[in-house]
Undergrad: 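Let me begin by handing over the structure; questions about it come next.
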Amino acid sequence: MQEQKGISTRLMLVSALVLVIASVTFSTLLVIGDRMRQQVLKDFSEDLAHSVETFQSFQAQQLAALQRENALLADLPSLKALMTTSDERTIADGAVEFWKVSGNDLFALAATDGKIVAAYTRGAPADAELRSNLAGVLTQTGKHYLLSGGRLFEYSVRLLYFGSEAAGSLLGYVISGYDIDTPLLKQVNPSSVAEIAFLSGGRVVTSTLSPPLRADSDRQPELLRLGPDATASISLGGVRYLASAKDLSGDASAPLRLVVMKSFQHAEQSSHEITQLLVLVGVFALLAGTLLMLAISGMVTGPLELLARSVRAFGTGDSQSSLPQKGTREVRELSIAFASMRDEIQQTYRALLESERLATIGRMASSVSHDLRHYLAAVYANAEFLASSTLSDEERAELFADIRMAVDGTTELIDSLLVFSRTNAAAQRRPELIAPLVERAIALMRAHPDAEHVRLEAVCDDPTNTSALVDSKQMERAIYNLLLNACQAARSSAGIPTVTAVIAASKQSLSITITDDGPGVSDSIRDSLFEPFVSAGKQNGTGLGLTLAQCVAEEHGGSVQLVSSHPGETVFVLSIARGALNTEYVESANPAEVAR
């Protein structure tokens with residue numbers, strides 16, 4: 001009996017409190033949410049109908065203006081005189097001036113037999129498809145929409161007579177029109193309350209949608225299957241829209257639908273805010289009831305609050321917070337269970353840290369083992385050759401140079417790992433000319449196997465104006481890594497592999513632009529390009545080259561950025577701050593080294 005003391009009261013109070021507040025809050029949310037959805041659908045439907053009427057009114061005004069312009073053009077004696085020549089080349093040449101005068105996106109002249117003798121459009125030359133479609137509209141009465149080459153035009157056709165329209169002879173036809181494109185649609189809908197789109201042949205011809213939404217709309221079966229004069233809910237780019245369609249096929253040279261869409265995003269945001277308010281009211285009611293319950297059953301809730309505080313403290317990293325020793329049996333059992341769980345979590349966390357440390361060491365060892373074996377194999381092989389007594393001094397010097405290069409490569413690899421593992425270490429900086437550093441890095445790169453047959457070039461307008469406060473070893477290593485990365489990529493190019501380093505200087509900063517003509521950076525690693533141990537398509541890569549270059553650039557107040565990458569050209573830019581320079585040092589630099 002003593003173990004059950006207070007348990008029934010707490011359960012009754014908590015259960016009644018949660019049940020009442022949850023029921024009221026949930027019922028209120030359902031009722032208000034349903035009323036809001038109905039009202040939103042009603043308002044949206046009315047807005048879409050108004051938008052369709054507005055657009056059709058605008059189109060009617062534009063069409064009327066086109067017809068008036070065509071009537072004026074058809075009455076011009078100069079145009080009539082041009083058409084009487086019956087020479088297609090003369091008419092085509094002379095029509096240019098009339099097109100410019102009209103200011104329309106589409107202008108065409110047709111002979112009496114329906115043949116298009118002159119056609120011009122803004123943005124692209126008139127092709128055979130457009131000429132054929134223009135010839136077809138001459139036989140279609142009552143239509144004023146033309147689809148051709150993925151473009152939508154509203155047009156007007158006017159007969160051109162020699163003499164009066166009643167008694168004269170037919171000379172041909174004048175066709176004028178304008179392109180229904182995104183700027184025009186936005187002009188109709190400047191407030192962007194709704195999105196407008198024209199659909200034909202199962203795809204979007206033109207719309208006010210942004211490029212990502214337009215690409216998504218071409219893959220939306222709900223939008224493409226939206227019937228004439230129908231209204232339905234669709235989803236584009238993760239946002240819901242209410243769409244209303246209007247069939248314009250009767251006015252067009254091909255099946256055409258006008259679709260007006262309005263986003264639910266603002267309405268859903270308002271609904272979400274109201275829901276949050278209701279939830280907050282429910283939480284407030286729950287807190288008020290909790291305070292009342294605390295006043296009645298403080299003995300039960302006190303230890304539970306202490307346990308909750310201990311849980312929150314452990315979540316923030318405090319593992320020494322006290323746990324309740326008193327209270328009901330369930331609270332004491334929960335306290336003991338949490339203490340045990342806390343100890344297990346700490347032990348597991350320490351084990352995971354140790355495991356991650358070992359895994360990191362393993363990844364580093366795996367990433368550099370191949371290069372180390374390559375360098376050590378070169379040292380071993382060349383050392384054996386040096387033992388031969390038949391070698392000349394020149395050959396011995398060459399073998400010794402190879403051994404020294406392998407040792408330098410091993411040292412550089414180890415230095416890369418040390419730089420990568422170092423955090424906020426102070427660099428040994430002094431004023432240096434960056435142009436010679438680039439030249440030295442290129443000279444070292446030419447001796448690397450991955451630079452074989454690769455044309456390396458350095459471009460700098462004024463090498464004497466490339467001074468900066470840098471750690472020369474770190475900076476040379478960063479430039480070398482970028483050049484190595486570029487050479488490895490350029491070797492896959494179809495022509496002569498070329499890598500170019502261009503040095504540019506401003507008052508406050510310096511930049512080194514490294515360009516290669518390789519296949520470009522793989523899409524799979526673009527988002528993680530500068531993370532350690534990321535290497536794709538390289539058999540000998542450690543995955544630290546770009547990471548090291550980025551670290552060095554950041555330590556010098558700059559960065560490394562992938563500016564562009566596509567087959568045939570990849571551009572990396574390393575930028576650094578010039579810092580406070582010692583002008584005496586810069587002026588006394590070795591002229592031969594600068595000119596090199």
Side-chain angles (χ1 to χ4, degrees), residues 51-76 79 92 94-110 116-138 140-160 172-190 192 194-201 203-209 214 246-260:
S51 297
V52 171
E53 292 174 0
T54 301
F55 183 79
Q56 289 182 318
S57 175
F58 174 81
Q59 294 293 88
Q61 294 175 5
Q62 292 290 95
L63 180 60
L66 272 179
Q67 291 172 345
R68 288 194 297 270
E69 290 178 5
N70 260 8
L72 293 174
L73 287 172
D75 287 338
L76 290 176
L79 181 58
V96 175
E97 293 299 325
F98 293 99
W99 173 44
K100 293 179 180 179
V101 170
S102 70
N104 292 321
D105 298 324
L106 171 66
F107 181 80
L109 295 175
I116 303 299
V117 294
Y120 300 98
T121 62
R122 296 192 186 277
D127 54 14
E129 179 184 357
L130 178 62
R131 288 175 174 270
S132 175
N133 292 332
L134 287 172
V137 303
L138 297 177
Q140 298 175 351
T141 59
K143 298 184 182 296
H144 53 89
Y145 289 109
L146 171 65
L147 287 102
S148 180
R151 300 173 70 182
L152 177 62
F153 298 93
E154 185 168 23
Y155 68 91
S156 172
V157 180
R158 182 76 178 183
L159 278 68
L160 185 64
Y173 304 85
V174 181
I175 306 172
S176 295
Y178 62 91
D179 193 354
I180 302 178
D181 54 8
T182 300
L184 177 67
L185 296 180
K186 290 184 177 180
Q187 179 184 350
V188 181
N189 185 29
S192 299
E195 302 287 357
I196 302 174
F198 281 90
L199 276 67
S200 179
R203 68 183 187 87
V204 177
V205 179
T206 183
S207 71
T208 59
L209 295 170
R214 177 163 180 172
K246 180 73 175 179
D247 189 16
L248 302 178
S249 300
D251 299 329
S253 60
L256 183 66
R257 278 177 294 161
L258 167 66
V259 178
V260 182

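Side chains are part of it too, since the values below use all heavy atoms of this structure and drop only hydrogens, waters and symmetry mates.
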Undergrad: Between Leu152 and Asp179, which heavy-atom pair has the shortest distance, and what is it?
TA: O-OD1, 3.0 Å
Undergrad: Using 0.5 Å steps for rounding, measure from the OH atom of Tyr155 to the CG atom of Leu106.
TA: 10.5 Å
Undergrad: For Leu256, does its backbone N or O pair with a side-chain atom of Ser249 as donor and acceptor, under 3.5 Å?
TA: yes
Undergrad: Ser148 pairs by side-chain hydrogen bond (donor to acceptor under 3.5 Å, both in side chains) with which of Thr121, Asn133, Asp127?
TA: Asn133
Undergrad: For Asp105, what residues pass the salt bridge (Lys or Arg N to Asp or Glu O under 4.0 Å) criterion, not counting sequence neighbours?
TA: Arg122
Undergrad: Could you check if a side-chain atom of Val174 sits within less than 4.5 angstrom of a side-chain atom of Phe98, using non-hydrogen atoms only?
TA: no
Undergrad: Please enumerate all residues that pass salt bridge (Lys or Arg N to Asp or Glu O under 4.0 Å) together with Arg158, with sequence neighbours excluded.
TA: Glu165
Undergrad: For the side chain of Thr208 and the backbone of Ile196, is there at least one donor-acceptor N/O pair under 3.5 Å apart?
TA: yes
Undergrad: Return the minimal non-hydrogen interatomic distance between Leu199 and Val259, and the atom names on each side.
TA: CD1-CG2, 3.8 Å
Undergrad: Atom CD in Gln140, atom OH in Tyr145: separation rounded to 0.5 Å?
TA: 14.5 Å
Undergrad: With respect to Ile175, which candidate in Leu134, Asn104, Leu66 satisfies the side-chain contact (heavy atoms from CB on, under 4.5 Å) definition?
TA: Leu134
Undergrad: Considering all heavy atoms of both residues, which atom of Arg151 and which atom of Ala124 are nearest to each other, and what is their separation?
TA: NH1-CB, 4.0 Å
Undergrad: Leu130 and Leu146: side-chain contact (heavy atoms from CB on, under 4.5 Å), yes or no, with the steps?
TA: CA-CA 9 Å; Leu130 178 62; Leu146 171 65; 4.1 Å; yes
Undergrad: Where do Thr206 and Asp181 come nearest, in terms of heavy atoms and distance?
TA: OG1-CA, 3.4 Å
Undergrad: Could you tell me the separation between the CG atom of Leu109 and the CD1 atom of Ile116, rounded to the nearest 0.5 Å?
TA: 8.5 Å
Undergrad: Calculate, to the nearest 0.5 Å, the distance between atoms CD and CG belonging to Glu129 and Leu147 respectively.
TA: 10.0 Å
Undergrad: Nearest 0.5 Å, what's the CZ-CD1 distance between Phe153 and Ile180?
TA: 9.5 Å
Undergrad: On a heavy-atom basis, which atom in Leu159 and which in Tyr173 lie closest, and how many Å separate them?
TA: CG-CE2, 3.8 Å
Undergrad: To the nearest 0.5 angstrom, please state how far the CZ atom of Arg68 sits from the CG atom of Asn70.
TA: 11.5 Å
Undergrad: When you check the side-chain N and O atoms of Gln62 and Glu154, is any donor under 3.5 Å from an acceptor?
TA: no
Undergrad: Restricting to non-hydrogen atoms, name the atom on Ser200 and the atom on Ala254 that form the minimum distance, rounded to 0.1 Å.
TA: OG-CB, 4.4 Å
Undergrad: Tell me, please, which residues at least two apart from Ala92 pass side chain to side chain contact (heavy atoms under 4.5 Å, CB included).
TA: Ala118, Tyr120
